Protein chains: 2
Amino acid sequence: MPHTMSRPPVNPPTLADVAERAGVSRQTVSNAVNNPDLLREDTLRRVQQAIAELGYLPNRAARNLRTRASHLIGLPIKAAEEGTANAAMDRFVHSLVDSSREAGYHVLLFSGTRTGKAEDELPAYDDLLRSTAVDAFVVTDTYLGNPQAAWLHQRRAPFVAFGRPWNDDAARHPWVDVDGAAGADMATSHLIERGHHRIAWIGWRKDSLLGEDRRAGWSRAMRSRDIPTAGLASRVEDTVASGKEASAVLLDEAQPSAFVCASDTLAMGVLHTLAERGLRAGQDVAVTGFDDSQVAQTVPPGLTSVRLPLEEVAIEVVKALEGLLHTPPVVTPGVLLTPTLVVRGSS
Amino acid sequence: MPHTMSRPPVNPPTLADVAERAGVSRQTVSNAVNNPDLLREDTLRRVQQAIAELGYLPNRAARNLRTRASHLIGLPIKAAEEGTANAAMDRFVHSLVDSSREAGYHVLLFSGTRTGKAEDELPAYDDLLRSTAVDAFVVTDTYLGNPQAAWLHQRRAPFVAFGRPWNDDAARHPWVDVDGAAGADMATSHLIERGHHRIAWIGWRKDSLLGEDRRAGWSRAMRSRDIPTAGLASRVEDTVASGKEASAVLLDEAQPSAFVCASDTLAMGVLHTLAERGLRAGQDVAVTGFDDSQVAQTVPPGLTSVRLPLEEVAIEVVKALEGLLHTPPVVTPGVLLTPTLVVRGSS
DNA sequence: ATCCTCACTTGGAACGATCCAGAGCGCACG
DNA sequence: CGTGCGCTCTGGATCGTTCCAAGTGAGGAT
């Protein structure tokens, strides 16, 4: 009497299965997969057919064990802060996954503890390294004082940074970054071309080197046209509330007709101030942001913003990783990419 | 003559190293790590000390090979659509990484081809399964017609869905979802309490079951108070432009004093219309969104939005995964969570 | 004293791939 | 005709862990 029975899960075919079917040795199948040039043409075809017929795919764990590699790239993720407009990570992660796949790697996400403090992440890096769970890391915050870069270097762990080793001349690791000064310059020049003269800057506190870089772009654009900048700059925390306050103060004290902001978050703060005062963004006062977040894309009337070429960043990061993981390792120099300006209704 | 030489990379300690140091066999060390109860107390201490001294951590690849598991959970990521406000994925991913870590798993990201079509992802799933690169999947789009769920089921691949198997009664996989109707009901009831009567709905096209679920919450809240809904509903694409158009038409033809939207993206469209007509969100017309995206959090004057409990979703998803990967597998029933309403200036 | 049980520990085999050294063979060369 | 070389292909060892079956010794039951 037949009855429904659950099929036992069949183990996937192994190298040995393929070898038997093709009438060759295990090693030959292995070569067919990894070094096809070593095989005679007809043997290769025979093996490939056996592989196709059985639907063979090498077992990752076995390969990893033998080759002492995991073909995984570790990417730490920080909690996206609530109330900010920083959606850049999302786009970058996706690009990185795509680029990695083309290079034969997958991306493994991890986080330290829930605290979010940088030091707390080190044990997580350490565990992944020691258990050979990942081959390399991609790190994203490389300001000085961030222990990760130095720690990884000392550990001789392969890693590529998205972000310059700002003030660490001793850093010898590959990095990829976006020219923030160029971005701010583009935004500022764009506003000047639109006839603005009194253009204010709202950026981050002075200890943010990334912020100072962007700020340099604003002052460069102004100075190259002999436009005074005195009293037009403000440096605050990266929150909407700070942007709101700073812009209110600037409007009262310096009467700017336009704002260039170091982030979309700050730019949103400016929009808050404008809304409160009944000023129309883009018509009464121009505003530009940074990062081209979803916020910039959707807020009325559209926020002009500097867009980071995250797809290219990911490609360069993976290139650098491939160099590091190559034998012998090839340490690529830093790469600096140029952002673009997306003009919308706010300017 | 001494000269700087690069230290050869030292191999991490293995079980055998620990065993030798502790004066026990490999198996005993393995037990100390995986089944401490089996050891006598003093032996356990001795082994643990040796482990600590050497900084031993089990080699992932070897363990994976032997146990036929990878301790990785595969998460497909779709490209975040440009121009929408959907940042939910980001929060969910982070929560999932945290929950997974606590359960001893890591999250592996992958994507199909760059096309973004659902069918194109199947080979990616297949490869990961066949190469035993992941133990299970978390999938996020389970509407009917999406081939993933059925395919995974047929493949006997363990997976948990974030999202109900809407119209597939045959589905027998674990899922976790958020009660969209309850969310829309909360938003609508909130508006009614604020004195609104003519409350419009802007949702997705009728073939979106997720959208119809949320819509049901709106109409339920209205009907339970005998408020007429005729002419107050609109169903469009999930884009800012569609939300803008739909709200303009509704304002002209039905004079609503408030809008309940199926997404923050649509709500942003409403804000566009209000801005164009010189109406103030929250004062002249109320608006609520869905998802509590960064856009909702930052746009002036703040968009009231239904917030999905993604942290809890992640926890439940991991619980269900643990059940599936348990031996014997425990198939948990579906879990439906309730969202919360975050009230901001727009209502 | 012998046997049995129980708690604990052990060595060998296995997971499935790649590394390595060498075998077989055909061919050109001296 | 012997030798050596290059091209293919092979079998055994190995990566580091866990599974499995069996070994050891103390203590109680017979």
Side-chain angles (χ1 to χ4, degrees), chain A residues 9-48 50-51 54-72 104 127 129-133 135 327, chain B residues 9-48 50-51 54-71 104 127 129-133 135 325 327:
Chain A
V10 182
N11 286 339
T14 72
L15 210 53
D17 299 329
V18 177
E20 192 183 3
R21 183 174 195 111
V24 295
S25 71
R26 293 191 320 276
Q27 184 57 42
T28 300
V29 179
S30 176
N31 285 335
V33 174
N34 300 308
N35 302 85
D37 324 339
L38 293 181
L39 300 202
R40 214 170 42 207
E41 199 180 339
D42 61 326
T43 314
L44 179 59
R45 261 203 304 275
R46 203 151 33 101
V47 174
Q48 283 175 335
I51 288 177
L54 292 175
Y56 168 77
L57 224 58
N59 179 301
R60 285 300 243 254
R63 169 178 284 184
N64 292 348
L65 174 59
R66 193 60 180 102
T67 60
R68 296 167 175 280
S70 67
H71 298 276
L72 290 179
D127 288 356
L129 266 182
R130 291 217 314 270
S131 63
T132 58
D135 292 345
T327 44
Chain B
V10 181
N11 287 339
T14 71
L15 261 188
D17 299 329
V18 177
E20 193 182 3
R21 184 174 194 109
V24 294
S25 70
R26 292 191 323 275
Q27 184 57 41
T28 299
V29 180
S30 175
N31 285 336
V33 174
N34 300 308
N35 301 85
D37 324 339
L38 293 180
L39 300 202
R40 212 170 43 206
E41 200 181 337
D42 62 325
T43 314
L44 179 58
R45 261 202 305 276
R46 203 151 34 100
V47 174
Q48 283 175 335
I51 288 178
L54 293 174
Y56 168 77
L57 224 58
N59 179 301
R60 285 297 243 254
R63 169 177 283 185
N64 293 346
L65 173 59
R66 188 57 226 198
T67 61
R68 295 168 173 282
S70 66
H71 298 276
D127 288 356
L129 267 183
R130 291 217 315 268
S131 62
T132 58
D135 292 345
L325 298 175
T327 44

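Quick note on labels: first sequence line is chain A, next is B, and so on, each numbered from 1. Quantities reported herein were computed from a predicted structural model and do not represent experimental measurements.
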Produce a footprint string for nucleotides 15-23 of chain D: one letter per nucleotide, 5' end first; B if the base is under 4.0 Å from any protein heavy atom, S if only the sugar-phosphate is, - if neither. BBBBBB---

Residues in side chain to side chain contact (heavy atoms under 4.5 Å, CB included) with R46(A), at least two apart? V24(A), T43(A)

Between the first and last five pairs of the helix from dA1(C)-dT30(D) to dG30(C)-dC1(D), the angle of the axes, rounded to 10 degrees: 70°

Applying side chain to side chain donor-acceptor pair (under 3.5 Å), can you list everything that pairs with N64(B), at least two apart in sequence or on another chain? none

Tell me every residue that passes side chain to side chain contact (heavy atoms under 4.5 Å, CB included) with E20(A), counting only those two or more places apart in sequence or in another chain. none

Listed by chain and number, what are the side chain to side chain contact (heavy atoms under 4.5 Å, CB included) partners of R21(B), not counting sequence neighbours? A50(B), E53(B), L54(B)

Residues passing the side chain to side chain donor-acceptor pair (under 3.5 Å) test with D135(B), sequence neighbours excluded, are S70(B)

Spacing between R40(A) atom CZ and dT10(D) atom C1', to the nearest angstrom: 14 Å

Partners meeting side chain to side chain donor-acceptor pair (under 3.5 Å) with D42(A) (sequence neighbours left out): R40(A)

Is the side chain of N35(A) donor-acceptor paired with the backbone N or O of D37(A) at a distance under 3.5 Å, no angle test? no

Between which nucleotides of DNA chain C, 5' to 3', does chain A make heavy-atom contacts below 4.0 Å? dG16(C) to dC20(C)

Set of salt bridge (Lys or Arg N to Asp or Glu O under 4.0 Å) partners for R68(A), sequence neighbours left out: none

Using only side-chain N and O atoms of T28(A), determine if any of them is under 4.0 Å from OP1 or OP2 of dT10(D). yes

If the condition is side chain to side chain donor-acceptor pair (under 3.5 Å), which residues does T67(B) pass it with, not counting sequence neighbours? none

Rounded interatomic separation in angstrom, taking CD from E41(A) and P from dC9(D): 12 Å

Can you name the residues that form a side chain to side chain contact (heavy atoms under 4.5 Å, CB included) with L57(B), not counting sequence neighbours? D127(A), R130(A), S131(A)

N/O (side chain, T43(A)) to phosphate O (OP1/OP2, dC9(D)) under 4.0 Å: yes

